[in-house]
There are 2 protein chains.
Amino acid sequence: MKPTIRDVAKMADVSISTVSRVMNAPESVIESKRIRVLEAIEKLQYQPNSFARGLIYKKSFTLGLLIPDIENFYYTGIIRGMQDACIKLGYSLMICNTDRDKNRLLSYIDAFHEKQVDGIVFASDIMYPEYYEKLVRCRIPFVLLSTHSYEYEIPSVEIDDEQAAYDAVKFLIDLGHEDIGMIGFNHENSISGPPRYQGFIRALEEAGLGRNGEKIRYATHRFEHAYHAAHELFTDYPELTAVFCVADEFAMGVISYLKDRNILVPGQVSVIGFDNLRMANMFIPKLTTIAQPMYDMGCRAAEKLHEWLTTGTVEVLREKMEHKLIVRESSRQR
Amino acid sequence: MKPTIRDVAKMADVSISTVSRVMNAPESVIESKRIRVLEAIEKLQYQPNSFARGLIYKKSFTLGLLIPDIENFYYTGIIRGMQDACIKLGYSLMICNTDRDKNRLLSYIDAFHEKQVDGIVFASDIMYPEYYEKLVRCRIPFVLLSTHSYEYEIPSVEIDDEQAAYDAVKFLIDLGHEDIGMIGFNHENSISGPPRYQGFIRALEEAGLGRNGEKIRYATHRFEHAYHAAHELFTDYPELTAVFCVADEFAMGVISYLKDRNILVPGQVSVIGFDNLRMANMFIPKLTTIAQPMYDMGCRAAEKLHEWLTTGTVEVLREKMEHKLIVRESSRQR
DNA sequence: CCTTTGTAAGAAAACCTTTTCAAAGCGATT
DNA sequence: AATCGCTTTGAAAAGGTTTTCTTACAAAGG
């Protein structure tokens, strides 16, 4: 049987109050007893029962993280950052992978509610009203990661997608490319789809290349879709010399397609990705890409949630992190 | 304030016992009252407090998962499998990423202990006595995943590493290769290192190629190390026409190195990986590899733990899952 | 020497649920 | 009419901790 505070008290020959005090306010108990208690704790390997504690504090000291796809390095970076921040802040972390399934997400919120997590980081794309209402009904505070909401006042952490996309495309233009295509996210079920499209368009128009604005195909997260989208794109626009991809996995799909067609990257076509996943540096050729600070974003999201939980407010509601262009081997001067 | 069972009782004008019964044994309360209670529950959005419940049941209905490296697709596959199994079995899942840090792992065990997880799946390489003793002291049941222990009697789920390595090398031999090198895991801090080495040696010796038994370099998990190890390997043995890698990430590192040296894969050198990560199918060239059923292994580990928790025993102590050779583009007839 | 102040530590209440035990109601059997 | 057995319900205990309230005692101040 797990030892309880009572067992410790008995062994140290003090009351349970004293044991509790040794754990929570050690200064308030006289040294001789404190030592006895500490010894008993050590000997019994006593660990306070978190159920009893939770009952009193009405807190679980656990945060929840909702991610859409754990098989995406983007989210694993976030997890590492958030977990490290949680350790620093004294929280445990409960990670749930929704596999982009709405019902699954909803049922994870129930699970979080039942387990009384103190707060949730929601890194699962769009904040649909269904989700929002459920979270509010359950009275669970939450912050958004890599997404935002203008409809509701929810703290969020993300990069400036429009500017990042602009920077990527501007880079291609500066390399001398004039026929630039894009593999994007569908706009309906994606938060970052529209702003990245906007950035693409802005860079083109600024350079007087507006006519390229339609050389776009869409894919849904996976390599295979991007491969297929690349096929469509190059079938319709064989003149392209550069492609802007809104995800590194898309860039890999495009490059694989071009490879199969015996089109050299970056010899004939430059490809730029987005995210700077760990894989971007392992692929052949190594990917030129826009780096997101995934690890830091995970940290910030946890810190922000903590801020919200402890102070009841948040310094910056919608926080932007810095992105960065990383030039590697998949792009070349035209 | 969160509504309690008392609020429901008051609203429905019954005792709290009745409310509790409605939730746990509905048939035992007469219909008229049951309906009143259900209505009150609905109106108040009542959800039983899991702390109070845990206090009584002494169970958290939560399992813990310890993994060494969340930025490795191998483990993300496992996570998916285990999470799905947990949903089916009615558990929540708490994932902790140790980053291969001993102290961190130890402190996660403390966290699991404090949170009173019902059991742990340990997918973190070697079961050092330190870990074992701590887990036993904390009285937390656990099972091993992708690792095992002959020293202790612990349930485990893994593949037959020796046979899998043998199959991989045999495949290369059957393709006509006679100069085969290997990039392995260091034997000191790895469970699968030695058996995969044994499999490599057995296949070579069986084919009368025993002299190749020393054409081996070691790396520690990461692409960059494998790249470096490949450099050493090919500097010492430029005659190699095939390389057996004990991880897909190693295979990518080797192929990148060969690419930089303008050595064609599979044209001049065949490379075979291990694991069949999602990336194996995205790399250029697509990797020939030994597939491990990561998803199923995650499932099985959770089921096994559940079996252990509920029945107090386990049908097969050390369970082996099937591996499979997947032939893609990184290997070719000599 | 008596009163006040302060410190250390125990007793007991509170947190919320489940479950055991007891009691009440009621029809059926002797 | 008394007893029995059954169903339904409420009261109360238990689970482990924190915290408030009290008490006991020692030191300081008048």
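So that the names make sense, note that chain A is the first sequence line, chain B the second, and so on, each numbered from 1.
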Find the distance [X]:[atom1] to [N]:[atom2] and express it as a whole number of Å.
{"X": "R21(B)", "N": "dT19(C)", "atom1": "CZ", "atom2": "P", "answer": "11 Å"}
{"X": "K10(A)", "N": "dG10(C)", "atom1": "NZ", "atom2": "P", "answer": "15 Å"}
{"X": "N24(A)", "N": "dT20(D)", "atom1": "CG", "atom2": "C1'", "answer": "14 Å"}
{"X": "L55(A)", "N": "dC16(C)", "atom1": "CG", "atom2": "P", "answer": "7 Å"}
{"X": "Q116(B)", "N": "dG16(D)", "atom1": "CD", "atom2": "P", "answer": "10 Å"}
{"X": "D13(B)", "N": "dT8(D)", "atom1": "CG", "atom2": "P", "answer": "19 Å"}

Without hydrogens or angle criteria, can the side chains of [X] and [Y] be said to hold a donor-acceptor pair below 3.5 Å?
{"X": "S15(B)", "Y": "T18(B)", "value": "yes"}
{"X": "H221(B)", "Y": "R100(B)", "value": "yes"}
{"X": "D84(A)", "Y": "Y295(A)", "value": "yes"}
{"X": "Y74(A)", "Y": "Q292(A)", "value": "yes"}
{"X": "S92(B)", "Y": "K115(A)", "value": "yes"}

When you measure from the side-chain N and O atoms of [X] to the phosphate of [N], is any distance below 4.0 Å, counting only OP1 and OP2?
{"X": "T4(A)", "N": "dG16(D)", "answer": "no"}
{"X": "K58(B)", "N": "dG16(D)", "answer": "yes"}
{"X": "S20(A)", "N": "dT18(D)", "answer": "yes"}
{"X": "R53(B)", "N": "dT18(C)", "answer": "yes"}
{"X": "T18(A)", "N": "dG10(C)", "answer": "yes"}
{"X": "N49(A)", "N": "dT17(D)", "answer": "no"}

From dT18(D), dG15(D), dG10(D), pick the nucleotide closest to the side chain of I56(B)?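 The closest nucleotide is dG15(D).
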
So which nucleotide from dT17(C), dG10(D), dT18(D) ends up closest to the side chain of I5(A)?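 Within the option list, the nearest is dT18(D).
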
Check for me whether the distance between the ring centres of F142(B) and F122(B) falls short of 6.0 Å. no

For the rings on F51(B) and F51(A), is their centre-to-centre separation under 6.0 Å? no

Among E315(A), E319(A), E158(A), salt bridge (Lys or Arg N to Asp or Glu O under 4.0 Å) partner for K304(A):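 Looking at E315(A), E319(A), E158(A), the match for K304(A) under the salt bridge (Lys or Arg N to Asp or Glu O under 4.0 Å) is E319(A).
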
What are the residues of residues 26-47 of chain B, sorted by number, that bring a heavy atom to within less than 4.0 Å of DNA chain D? V29(B), I30(B), K33(B)

Between the first and last five pairs of the helix from dC1(C)-dG30(D) to dT30(C)-dA1(D), the angle of the axes, rounded to 10 degrees: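 Inter-axis angle at the termini of the helix from dC1(C)-dG30(D) to dT30(C)-dA1(D): 70°.
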
Take K2(B) and I16(A), find for each the nucleotide of DNA chain C with the closest heavy atom, and name the residue whose nucleotide sits nearer the 5' end. I16(A)

Between the side chains of D110(B) and K134(B), is the shortest nitrogen-to-carboxylate-oxygen separation below 4.0 Å, so that they form an ion pair?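 So K134(B) pairs with D110(B) through a salt bridge.
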
So, does the side chain of R6(A) form a donor-acceptor pair with the base of dG15(D) at under 3.5 Å? no

Say whether, by atom type as modelled, one donor and one acceptor occur between the side chain of S50(A) and the main chain of E114(B) under 3.5 angstrom.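 Looks like yes, one N/O pair under 3.5 Å.
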
Using a 4.0 Å heavy-atom cut-off, does S17(A) contact any base of the nucleic acid, only the sugar-phosphate backbone, or nothing at all?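 Since a base atom lies under 4.0 Å of S17(A), the category is base.
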
Within the structure shown, what part of the strands sits under 4.0 Å from Y57(B) by heavy-atom distance: base, sugar-phosphate, or nothing? sugar-phosphate

